[in-house]
2 protein chains.
Amino acid sequence: MSTPASEQQPGTYDPSAYPSVFVTVDLAIFTIRNGVLSVLLVERAEEPYAGFWALPGGFVNPDEDAGTAAWRELAEETGVERFSGHLEQLRTYSEPDRDPRHRIVSIAHLAFAPDLPEPTAGSDARAARWWAVTDVLDGTPDDAPGLAFDHALILADALERVRSKIEYTTLAAQFVDEPFTLPELHRVYSAVWGTEPHLANFRRKVLKTKDFVVPVGDTGETTPEGGRPPQLYRRGPAEVLQPAMLRPARDDD
Amino acid sequence: MSTPASEQQPGTYDPSAYPSVFVTVDLAIFTIRNGVLSVLLVERAEEPYAGFWALPGGFVNPDEDAGTAAWRELAEETGVERFSGHLEQLRTYSEPDRDPRHRIVSIAHLAFAPDLPEPTAGSDARAARWWAVTDVLDGTPDDAPGLAFDHALILADALERVRSKIEYTTLAAQFVDEPFTLPELHRVYSAVWGTEPHLANFRRKVLKTKDFVVPVGDTGETTPEGGRPPQLYRRGPAEVLQPAMLRPARDDD
DNA sequence: GAAATAGTGTCTATAAGACAGTATAAA
DNA sequence: TTTATACTGTCTTATAGACACTATTTC
């Protein structure tokens, strides 16, 4: 029985017999702008998918691992040098024809941070802007962008990852600048989940979870419409929520 | 300001200017043998890491995506053609020097199934056998194998994924052949978690979760030592556990 | 004062932890 | 009968859902 080289361990046979592959990272960078969960997209200037919008990304350099490349792209695309937020690997997309020209395997990542600035135009001429996630994904608004490659799939996977991650971790607090108020944190959950957790029970859950938030001891500004000024908090050292924050059923879908 | 090509979108510039990479899949295949969570390892015959044990794996062929390659490797390594179990992508490992000879990016996968047979020697001469996970990872037993490459890290990540996955999904039932008994399912949780959920509360949780298991209406065989014969069940259509099965704190670690 | 926002207290329902008990088999 | 395994019932405790209430601000 002959043994095709493809069944061998990496390195057991000469891998140079294999067609090689280009490896990229793509990033789904989320932030909350005006209470709306938003994702950073760049407009493609050239074929394929010229005029389509795409997740920012780029090649993994020879001396980098995927995480390093993702951090580099994150800084380049957002224009923020000291990124205070969260970045993690999502999953890898490897369909042979996901790029029509070359075999490109994309190691997708997921990032989110407090209200990031409007992206700078960058060194190249590409347009870049924040899009409301709902407009990009389930949206059929007039200005809904078509997404290049398999980026609609990647974005949908990233969204579900964020939604589930804030259930059982304290990462929701990475979406707000310190110090923050509980109503602000509550709006994070509302924006990400697309549904509103009961405010009183939400407060109880957050405050009873040890080290989720720590009080600053000061009060924030009241809104222009009046109302009691909210207490201020900072992120605590806790990383997981045990038990999890329960996600209410969505009104739509 | 010059713009290195590495900052460009994939496809915006010619990717053939980039050094290419070889892409493999590695598999952490788990099963439960004699009540012990076990993982399939193959012994490397050649350098590098000759004599070390490694996760089974191989190159992703040009016409395959990673999932297809993983299914193919799974069939080849276990010798099972109709695999009744679970396979999913774990994460991608891309440290530049994880293989000393070539740049190899590994898309690691995770599989588990009911008590799989001892692996056939395979078409090549490599040894392959099941190892108790505890002996491979935290074990300092005399026969503890050294793992090649970064496979100890991959295996540790895979183990944590399995442990958490059976908390909030019904996938634990993929570790047993149908029909199965609740004590058998209980032993799955005990073996994977390394800690024993309270049996009476475990039964209540499983039976109160709609469509987790469906009774066959028959009883299984009693053990040689006697005792009441257990009821038989099959896997139900449910996929998630809401709320999750809580993992007790481990005695060790 | 009204309106708006922030925050508290409490009743109820659900589910987990603990544990004592019963049921059915082999020897 | 003893022993071993399978299974049931129930009390207590922790937490989520619902909702009414108080507190502090602007106008």
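Each chain gets a letter, A, B and so on, in the order the sequences are listed, and its residues count up from 1.
- Side-chain contact of A/D65 with B/Y93: a donor-acceptor pair under 3.5 Å is absent, judged by distance alone.
- Under the side-chain contact (heavy atoms from CB on, under 4.5 Å) test applied with A/V213, the options A/L207, A/T170, A/T181 reduce to a single match, A/L207.
- There is a side-chain donor-acceptor pair under 3.5 Å between B/E88 and B/H86.
- With rounding to whole Å, B/L207 atom CG is found 13 Å from C/dA16 atom P.
- Geometrically, A/R235 does not engage A/Y233 in a cation-pi contact, judged by NZ or CZ lying under 6.0 Å from the ring centre and within 45° of the ring axis.
- As rounded to whole Å, 12 Å separates atom P of D/dA16 from atom CZ of A/F202.
- Protein atom CG of B/L246 is 11 Å distant from nucleotide atom P of D/dA16, rounded to whole Å.
- Going from atom CD of A/E184 over to atom C1' of C/dT5 covers 13 Å, rounded to whole Å.
- With rounding to whole Å, A/E221 atom CD is found 14 Å from D/dT26 atom C1'.
- Within the 4.5 Å cutoff, the side chain of A/R129 has heavy atoms near those of the A/W53 side chain.
- Ranked by how close their nearest DNA chain C nucleotide is to the 5' end, A/L199 and B/K208 are led by A/L199.
- One interatomic measurement links the two molecules: CG of B/L232 to P of D/dC7, which rounds to 9 Å at whole-angstrom precision.
- The phosphate of D/dA16 (OP1 or OP2) has a side-chain N or O of A/K205 nearer than 4.0 angstrom.
- We find that A/E118 and A/R33 are joined by a salt bridge, their nearest charged nitrogen and carboxylate oxygen being less than 4.0 Å apart.
- For the side-chain contact (heavy atoms from CB on, under 4.5 Å) with A/R163, the lone residue among A/T195, A/V192, A/L37 that qualifies is A/V192.
- Between A/R203 atom CZ and D/dC21 atom C1' the separation is 14 Å, expressed in whole Å.
- One can place CG of B/L182 at 17 Å from P of D/dT5, the figure rounded to the nearest angstrom.
- One side chain, B/D26 or B/S106, offers a donor N or O that lies under 3.5 Å from an acceptor on the other.
- Relative ring orientation between A/F202 and A/Y189 is described as perpendicular, the plane-to-plane angle rising above 60° on a 0-90° scale split at 30° and 60°.
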Q.
Each nucleotide in nucleotides 18-27 of chain C should get exactly one letter: B, S or -. Can you fill that in based on protein heavy atoms under 4.0 Å?
A. BB---BBBS-
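- Within residues 185-192 of chain B, no residue has any heavy atom closer than 4.0 Å to DNA chain D.
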